[in-house]
Amino acid sequence: MGRLVMKFGGTSVANIDRIRNVARHVKREVDAGHDVAVVVSAMAGKTNELVEWCRDASPMHDAREYDAVVASGEQVTSGLLAIVLQGMGIQARSWQGWQIAIKTSDAHASARILEIDGTEIINRFGDRKEVAVIAGFQGINPQTNRITTLGRGGSDTSAVAIAAAIRADRCDIYTDVDGVYTTDPRVVPKARRLDKIAFEDMLELASLGAKVLQVRSVELGMVHNMPVFVRSSFDKPEDIDPHGTPPGTLICSEEEIMESHVVTGIAFSKDEAQISLRQIEDKPGVAAAIFGPLADANINVDMIVQNVSEDGKTTDLTFTVPASDYNRARDTITSSKGKIGYARLDSATDVSKVSVIGSGMRSHAGVAAKAFKALSERNINIRAITTSEIKFSVLIDAAYTELAVRTLHTLYGLDQT
Ligand code: ADP
Ligand code: ASP
Ligand code: MG
């Protein structure tokens, strides 16, 4: 007998029929004798609709009220799943974030989980064999007593945090794909499912655009050494042996992975914007004058490239910010123009970042160089590059994203054969 967290994403609970299907997955594990806590997302598309309603009501809405609105999607699915489970003769109770309580910071819309009290849920496993059905994505700030949400995709983080709090043996993330692939299988049909992936590699994949798991959930898995298993909710529940190994991807520590590849996977993100400042005077303090105000405005700068301007005397500086912060970043820079001193600001929002990830890169030279050659042979222009120990990223025109991802996927031998 073990203790499991089972998380189901939006497409898995998109309607009552799918919720019934989820309930059958839960029943299988309960029948196998496991203690089960389920974490659910809102029905597919619901959170987008709620976000849109807030924007419609007022573009400058209060973040606390935004959270009150967008947290409601998960409230509905947790109640519905508890009703369906009860109808199948399984003891089940729904829990909202504040009822547990899942205590978070007060950073509304992107709150961080601080503490979860798992006592009551654990007690109910023992006393009544009760399944806990927990609304993902939401928590409560203990100081203000207000509902918070964890950022888009946050139910993954709820699930891993709850798994740690109730000392679960494993956290199963059920979704609309049967595991983590070498790249998004919807973009590259030749992508290959990974049996295992190290937390470090998964962290990079998720931060660089693979939305199969929220970044913070991978961080928590790593910190608590909680095995996270990504699998499909569309497999027929009764066909799965609860004691066997179903198709899926285990995210685990590096030591548990035997076979090693130089490149693990490729991620991409179209959520990028590029700003280039032309002919900046080359003197100390300029970088601080540019990036200081951006940091004060809470804008994350990612890639930075500096080179000599056309005139040979001044410098050009290019950097990227998330597309959603683009307007604010532009305004912040233009209002500091006097201090920075540049001749022209150029920008582009139709850019994307393609990243190659693999902890094997630590011990291999020339991995990135191969990519630059392959991309140039396809006439794909690289606007900026960043590298770190286990990944490198290139910024390219958005129109070439799929071509670049497919080219690199083949180049590094990741294609399914
Ligand atoms: P859920 O609603 O279950 O949380 P998401 O839509 O958030 O599901 O995440 C699953 C999606 O992530 C898949 O449908 C897939 O298109 C996308 N995805 C992106 N990169 C990858 C990858 N490397 N492996 C698997 N899925 C990926
Ligand atoms: N429903 C939330 C979202 O769409 C949280 C989640 O699904 O993980 O972002
Ligand atoms: Mg998700």
Side-chain angles (χ1 to χ4, degrees), residues 6-14 18 22 25 39-52 66-67 69-78 97 109-111 113 134-139 148-162 171-195 197 201-218 228-234 247-249 251 263-271 354-358 401-402 405 408-409 414 416:
M6 306 172 73
K7 180 259 171 179
F8 294 89
T11 24
S12 310
V13 293
R18 296 238 175 117
V22 163
H25 279 292
V39 174
V40 284
S41 289
M43 290 177 173
K46 190 69 205 172
T47 311
N48 286 347
E49 181 182 50
L50 295 168
V51 169
E52 211 37 59
Y66 165 93
D67 275 352
V69 175
V70 301
S72 64
E74 274 72 10
Q75 174 157 351
V76 172
T77 41
S78 57
S110 58
I113 296 176
I134 300 163
F137 185 48
Q138 51 165 279
T148 53
T149 62
L150 309 178
R152 298 306 305 270
S155 296
D156 299 326
T157 301
S158 310
V160 179
I162 287 159
C171 180
D172 280 349
I173 306 281
Y174 288 80
T175 182
D176 56 5
V177 278
D178 61 359
V180 177
Y181 280 68
T182 44
T183 192
D184 190 337
R186 295 186 201 286
V187 172
V188 180
K190 284 184 186 161
R192 211 164 10 95
R193 191 181 65 225
L194 300 161
D195 289 334
I197 181 172
D201 288 23
M202 190 63 231
L203 198 56
E204 295 287 356
L205 265 182
S207 349
L208 294 164
K211 69 164 187 165
V212 59
L213 285 176
Q214 200 197 33
V215 179
R216 187 79 189 117
S217 71
V218 187
V228 176
F229 188 61
V230 178
R231 58 193 291 184
S232 169
S233 70
F234 297 141
T249 303
I251 300 146
V263 171
T264 309
I266 297 174
F268 56 90
S269 155
K270 294 184 178 170
D271 173 38
V354 176
S355 307
V356 175
I357 293 127
T401 314
E402 280 80 12
V405 173
L408 298 178
H409 199 267
L414 300 175
Q416 217 177 65

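Values below: every heavy atom of this structure, side chains too, minus hydrogens, waters and symmetry copies. Numbering of ligands and ligand atoms starts at 1, following listing order.
Within the 4.0 Å heavy-atom criterion, both parts of K211, backbone and side chain, lie near ligand 1. When non-hydrogen atoms are compared, ligand 2 lies under 4.0 Å from the side chain of E74 (C-beta onward) but not from its backbone. Under 4.0 Å from ligand 1, not a single heavy atom of V230 appears. Residue contacts with ligand 1 for K7 involve side-chain atoms from C-beta outward but no N, CA, C or O (heavy atoms, distance under 4.0 Å). Contacts with ligand 1 closer than 4.0 Å are made by heavy atoms of both the backbone and the side chain of T175. The part of P185 lying near ligand 1 is the side chain, judged by heavy-atom distances below 4.0 Å.
Looking from atom 2 (O) of ligand 1 to the surrounding protein, the closest heavy atom is G10 N, 3.2 Å. Among all non-hydrogen protein atoms, the one lying nearest atom 27 (C) of ligand 1 is V212 CB, 3.7 Å. Nearest to atom 3 (C) of ligand 2 among the protein's heavy atoms is R152 NE, 3.3 Å. Closest protein heavy atom to atom 7 (O) of ligand 2: S41 OG, 3.0 Å.
Across all non-hydrogen atoms, the minimal contact from L150 to G154 is CD1-O, 3.7 Å. Nearest heavy-atom pair, G179 versus Y181, reported as atom, atom and distance to 0.1 Å: O-CD1, 3.5 Å. Here the closest non-hydrogen pair linking A267 and G209 is CB-N, 4.3 Å. Taking both residues in full, the closest heavy atoms of P185 and V177 are given as CG-CG1, 3.9 Å, listed atom of the first, atom of the second, then distance.
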Do L205 and M202 pass the side chain to side chain contact (heavy atoms under 4.5 Å, CB included) test, and can you show the C-alpha distance, the side-chain angles, and the key distance before you say yes or no? CA-CA 5 Å; L205 265 182; M202 190 63 231; 4.3 Å; yes

Using the salt bridge (charged side-chain N to carboxylate O under 4.0 Å, His left out) rule, take R18 and D176 through it: C-alpha gap first, then chi angles, then the decisive distance, then the call. CA-CA 12 Å; R18 296 238 175 117; D176 56 5; over 6 Å; no

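Under the 30°/60° scheme for interplanar angles, the aromatic rings of F8 and Y174 are found to lie parallel.
Considering backbone and side-chain atoms alike, K7 places every N or O at 3.5 Å or more from each N or O of ligand 2. Looking at ligand 2, you won't find any N or O of F137 less than 3.5 Å from one of its N or O atoms. Every N/O-N/O distance between L205 and ligand 1 stays at or above 3.5 Å.
Looking at D178 and R231, no side-chain N of the basic residue comes within less than 4.0 Å of a carboxylate O on the acidic one, giving no salt bridge.
Contact between G10 and ligand 2 is absent, with no heavy atom of the residue lying under 4.0 Å from the ligand. Within the structure, the closest approach of G153 to ligand 2 falls below 4.0 Å when heavy atoms are considered. Using a non-hydrogen distance threshold of 4.0 Å, G179 registers as a contact of ligand 1.
For the atom pair CD of E74 and CD1 of I134, the computed distance is 12.5 Å after rounding to the nearest 0.5 Å. In this structure, F137 CZ and T77 OG1 are separated by 11.5 Å, a value rounded to the nearest 0.5 Å. With rounding to the nearest 0.5 Å, the separation of OG in S158 from NZ in K7 is 8.5 Å.
The contact set between ligand 1 and D176, taken as ligand atoms under 4.0 Å from a residue heavy atom, comprises 10 (C), 11 (C), 13 (C), 14 (O). Within ligand 1, counting atoms from 1 as listed, the ones closer than 4.0 Å to a heavy atom of Y181 are 22 (C), 23 (N), 24 (N), 25 (C).
Residue nearest to atom 8 (O) of ligand 2, selected from G73, A42, S155, A135: S155 (by heavy-atom distance). By heavy-atom distance, the residue among L208, D184, T11 lying nearest atom 16 (O) of ligand 1 is D184.
Exactly one of V215, I197, L213 qualifies for a side chain to side chain contact (heavy atoms under 4.5 Å, CB included) with L203. That residue is V215.
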